[in-house]
Protein chains: 2
Amino acid sequence: MYNCLMYSNELIKGTLKTIILKLLQDSGRMYGYEITQRVKSLTDDKINLTEGALYPTLHKLQAESLITSEQEIFNGRKRKYYSITETGQANATARAEEFISFTKTMFAIIKPQLTK
Amino acid sequence: MYNCLMYSNELIKGTLKTIILKLLQDSGRMYGYEITQRVKSLTDDKINLTEGALYPTLHKLQAESLITSEQEIFNGRKRKYYSITETGQANATARAEEFISFTKTMFAIIKPQLTK
DNA sequence: TTTGAATACATAATAATACTATGTATAATT
DNA sequence: AATTATACATAGTATTATTATGTATTCAAA
């Protein structure tokens, strides 16, 4: 869709990655289910991560060495805790800045009509 | 990716549709090439719509009755002018508002870490 | 004058990505 | 006892954008 010079072409599609990385950057380690609940409460129920979207993305982020994982048993149930790596930290910051920049650009397009 | 209650699941993927509809809402009628140039200048070269993304999307918007088209010859070259329909007007406004709302939601997630 | 850039539209093939649906399994609640 | 919540996972599907390619005309530069 976009062939951007400043924005990676994953900016939009990759919003989920940005969300996950930013949460991990903020909270230290988290497990999958915890992430869905945090997103739900942070966004006031507006974003409800599905498992079919979350887990494959977590696996992808780990494959890219942006996060690491360690499995534990908590209260009889398996939990897989994810932590952000150093590379992931830099990536998270870059993604967030890109998103903010993109937002400004989009506003340049949609704002004029809003005030009509 | 998102299973939103307030946001359509096309919010992100459909940013291009929002852009096109908003431009048509603002400018009356436009032809394809004109849209790419307008986007380019409005976004300071940051978003460069490719033809492979633009034209299929225009056809899709027309199939959804959000825009209409009329072909003309200008200076020996074919031009297909697109105009927004009444349904499209409402859709454009809704999409823009959705985008702004989504932006606020995203900021709730990424902002805390930015100030660190 | 002819070559290349800009204008103008279109589509097929590919890649990326998220969603739906489904599966497994345990703990807690009703 | 049944349902809900917790917890992870993946196959299949759909959507969507990108790349690549094709056609065709006008205009500017070499």
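Below, chains carry the letters A, B, ... as their sequence lines are ordered, and counting in each starts from 1. As the structure is a computational prediction, the values presented were derived from the model and not from experiment.
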Original post:
How long is the line joining OH of A:Tyr82 and P of D:dA7, in whole Å?
Top reply: 14 Å
Subject >> Distance test, side-chain N/O of A:Tyr55 to OP1/OP2 of D:dC8, below 4.0 Å >> reply: yes
Subject >> Nearest-0.5 Å distance, CD1 of residue B:Ile19 to OG1 of residue B:Thr57 >> reply: 10.0 Å
Original post:
Think B:His59 has a side-chain N or O under 4.0 angstrom from the OP1 or OP2 of C:dC9?
Top reply: no
Subject >> d(CZ, A:Arg38; P, D:dA7) in whole Å >> reply: 13 Å
Original post:
What's the CE-P distance between A:Met30 and D:dA7, to the nearest Å?
Top reply: 12 Å
Original post:
Is a side-chain N or O of A:Thr43 found less than 3.5 angstrom from the main chain of B:Thr105, in a donor-acceptor match?
Top reply: no
Original post:
Counting only side-chain N and O atoms of B:Asn75, is one of them less than 4.0 Å from OP1 or OP2 of D:dC27?
Top reply: yes
**OP:** Return the value, rounded to whole Å, for the distance between atom CD of B:Glu64 and atom C1' of D:dT16.
**Re:** 13 Å
Subject >> Most 5' of A:Arg77 and A:Lys60 on DNA chain C, judged by nearest nucleotide >> reply: A:Lys60
Subject >> Nearest-angstrom distance from the residue atom NZ of B:Lys78 to C1' of D:dT23 >> reply: 8 Å
Original post:
Quick one: do B:Glu64 and B:Lys60 make a salt bridge, cutoff under 4.0 Å?
Top reply: no
Original post:
Closer than 4.0 Å, any side-chain N/O of A:Lys80 to the OP1 or OP2 of D:dA9?
Top reply: yes
Taking only nitrogen or oxygen atoms into account, show me every contact under 3.5 Å that the protein makes with nucleotides 11-13 of chain D, one pair per line with its distance.
none

Original post:
What's the spacing between B:Tyr31 OH and B:Gln37 CD if we round to 0.5 Å?
Top reply: 8.5 Å
**OP:** Would you give the length of the straight line joining atom OG1 of B:Thr36 to atom CE of B:Met30, rounded to the nearest 0.5 angstrom?
**Re:** 8.5 Å
Atom pairs and distances, donor-acceptor, side-chain atoms in residues 67-78 of chain B, under 3.5 Å, two or more places apart:
unit_1	atom_1	unit_2	atom_2	d
B:Ser69	OG	B:Gln62	OE1	3.3
B:Ser69	OG	B:Gln62	NE2	2.9
B:Glu70	OE2	B:Arg29	NH1	3.1
B:Glu72	OE1	B:Arg29	NH2	3.3
B:Glu72	OE2	B:Arg29	NH1	2.8
B:Glu72	OE2	B:Arg29	NH2	3.2

Subject >> Atom pair CG (A:Leu66) and CG (A:Leu21), whose distance is rounded to the nearest 0.5 Å >> reply: 6.0 Å
**OP:** Quick one: label A:Glu51 by what it contacts on the DNA or RNA (base, sugar-phosphate, nothing), any heavy atom closer than 4.0 Å.
**Re:** base
Original post:
Nearest-Å distance, CD1 (B:Ile20) to P (C:dC9)?
Top reply: 12 Å
**OP:** Examine D:dA7: is either OP1 or OP2 under 4.0 Å from a nitrogen or oxygen in the side chain of A:Tyr31? Give yes or no.
**Re:** yes
**OP:** Please state how far atom CD1 in B:Ile73 lies from atom P in C:dA8, giving the value in whole angstrom units.
**Re:** 12 Å
**OP:** Can you tell me the distance, in whole Å, between the CZ atom of A:Arg29 and the P atom of D:dA7?
**Re:** 13 Å
